[in-house]
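Below, chains carry the letters A, B, ... as their sequence lines are ordered, and counting in each starts from 1. All values derive from a computational prediction rather than experimental measurement.
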There are 2 protein chains.
Amino acid sequence: MTNAGQVLDALGDRTRRAVFARVQRGARSVQEIADGMDVSRPAVSQHLKVLKAARLVTDRAEGTRRLYAVDPTGIAAVRDWLDGFWDEALVAFKAAAEQEAVKERKRR
Amino acid sequence: MTNAGQVLDALGDRTRRAVFARVQRGARSVQEIADGMDVSRPAVSQHLKVLKAARLVTDRAEGTRRLYAVDPTGIAAVRDWLDGFWDEALVAFKAAAEQEAVKERKRR
DNA sequence: GGCCAGCGTTAGTCATCACTTACCGTAAGT
DNA sequence: ACTTACGGTAAGTGATGACTAACGCTGGCC
């Protein structure tokens, strides 16, 4: 199981999110990903390393090129993590809203 | 609509995630949240500010105390953002797997 | 009014990390 | 073997941001 914290740390950077989005849009090689971005290719390479460690992307060698693709594993990890918060958050939120409504009634 | 990037930036810090988790577990005042943590109270206060801006928590004054609660809005934002990736990621992943299988067959 | 508790804010410091430049290894073409 | 394209890595720098200490403000209590 991948640590959700690691994935969130990976997604907690704007540039890295842009790289991730480009991979998902179909970009393959590191060059293609870096083209049009305002950072250098080595920077992209380092970001890909982090994304890979978080299991957000997978890589595969093809000749001298290295092709990157999206890995659902990391996304699933955050998704599960979020869902845990989601349910409890809704319950807590509803309870708080109820309590607010009670106080509101008392005020009149 | 809350920006998903802002929420991810907020969750991209370990300490901030701890603060968020404590709020969800029922901690209310800033003191209660800070108690037992290895950072000072002002630090917690600053983290709460970021979490609030990302609409992950809400605050409400009660006397001199300030009570914090979880706000589902921010979580929903990341959730939607993730779901977008989720669907396309699965499709892309399946396609890639298919292509791999084809290549595998060709190899024999 | 005086006092205390609870928080937010500011200023300043320190560490983390994103980025670039340069370098090295590797695979394919000639 | 030479060259070229591609990409990971190391070293060094700069900027972002997390943290603490000190201060100020507000609300409740005596």
Side-chain angles (χ1 to χ4, degrees), chain A residues 3 5-23 26-71 74 103 107, chain B residues 3 5-23 26-71 74 96 103 106-107:
Chain A
N3 193 14
Q6 194 177 3
V7 183
L8 286 170
D9 282 336
L11 292 177
D13 180 70
R14 183 176 189 80
T15 309
R16 207 141 47 209
R17 284 196 296 271
V19 171
F20 184 53
R22 273 171 170 258
V23 171
R28 300 306 213 168
S29 70
V30 180
Q31 286 279 17
E32 288 171 354
I33 299 172
D35 280 348
M37 290 194 56
D38 53 350
V39 290
S40 66
R41 180 196 55 77
V44 174
S45 208
Q46 291 167 357
H47 283 306
L48 285 170
K49 188 178 181 180
V50 177
L51 291 174
K52 181 182 173 185
R55 307 208 58 176
L56 282 165
V57 298
T58 57
D59 62 335
R60 171 169 60 93
E62 188 173 289
T64 74
R65 299 169 35 122
R66 190 154 277 267
L67 306 185
Y68 283 86
V70 174
D71 184 354
K103 285 191 178 179
R107 247 173 242 146
Chain B
N3 193 13
Q6 194 178 4
V7 183
L8 285 171
D9 282 336
L11 292 177
D13 179 71
R14 183 176 188 80
T15 308
R16 206 141 47 208
R17 284 196 297 272
V19 171
F20 184 54
R22 272 171 172 261
V23 171
R28 300 302 211 172
S29 70
V30 180
Q31 285 279 17
E32 288 171 355
I33 299 172
D35 280 346
M37 290 192 58
D38 53 350
V39 290
S40 66
R41 180 196 55 78
V44 173
S45 208
Q46 290 167 357
H47 284 306
L48 285 170
K49 187 178 182 180
V50 177
L51 291 174
K52 180 183 174 185
R55 306 208 57 177
L56 282 164
V57 298
T58 57
D59 63 335
R60 171 169 62 92
E62 187 173 291
T64 73
R65 302 172 29 128
R66 188 154 279 268
L67 306 184
Y68 283 86
V70 175
D71 184 354
K103 284 191 178 178
K106 277 188 180 175
R107 249 174 240 145

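- For D/dG7, its base never sits under 3.5 Å from the side chain of A/Arg66 at any donor and acceptor pair.
- If B/Val30 and A/Gly12 are placed on DNA chain C by their nearest nucleotide, the residue sitting closer to the 5' end is B/Val30.
- Minimum atom distance to the side chain of B/Ser29 is reached by C/dC7, of the listed D/dT9, C/dC7, C/dA18.
- Within the structure, a side-chain polar atom (N or O) of A/Tyr68 is placed less than 4.0 Å from OP1 or OP2 of D/dG8.
- For B/Ser45, no side-chain nitrogen or oxygen approaches OP1 or OP2 of C/dC7 to under 4.0 Å.
- In this structure, B/Arg14 places its CZ atom 12 Å from P of D/dC19, rounding to the nearest Å.
- Rounding to whole angstrom units, CG of residue A/Asp59 and C1' of D/dG8 are separated by 11 Å.
- Across the interface with DNA chain D, nearest-nucleotide mapping of A/Arg65 and A/Lys49 shows A/Arg65 to be the residue nearer the 5′ end.
- Separating the CD atom of A/Gln6 from the P atom of C/dC17 is a distance of 12 Å, rounded to the nearest angstrom.
- Between the CD atom of B/Gln46 and the P atom of D/dA21 there is a distance of 13 Å, given to the nearest Å.
- Under the 4.0 Å criterion applied to side-chain N and carboxylate O atoms, A/Arg17 and B/Asp9 are assigned as salt-bridge partners.
- In this model, the phosphate group of C/dC19 is approached by a side-chain N or O of A/Thr15 to a distance below 4.0 Å at OP1 or OP2.
- Relative to the side chain of A/Ser40, the nucleotides C/dT21, C/dT9, D/dT9 differ in distance, and C/dT21 lies closest.
- Distances shorter than 4.0 Å separate some side-chain N or O of B/Arg16 from OP1 or OP2 on D/dA18.
- Toward the 5′ end of DNA chain C lies the nearest nucleotide of A/Asp13, the other residue of the pair A/Asp13 and A/Pro42 mapping further downstream.
- The nearest whole Å value for the distance from the CZ atom in B/Arg60 to the C1' atom in C/dG6 is 16 Å.
- With the nearest nucleotide of DNA chain D identified for both B/Arg41 and B/His47, B/His47 has the one nearer the 5' end.
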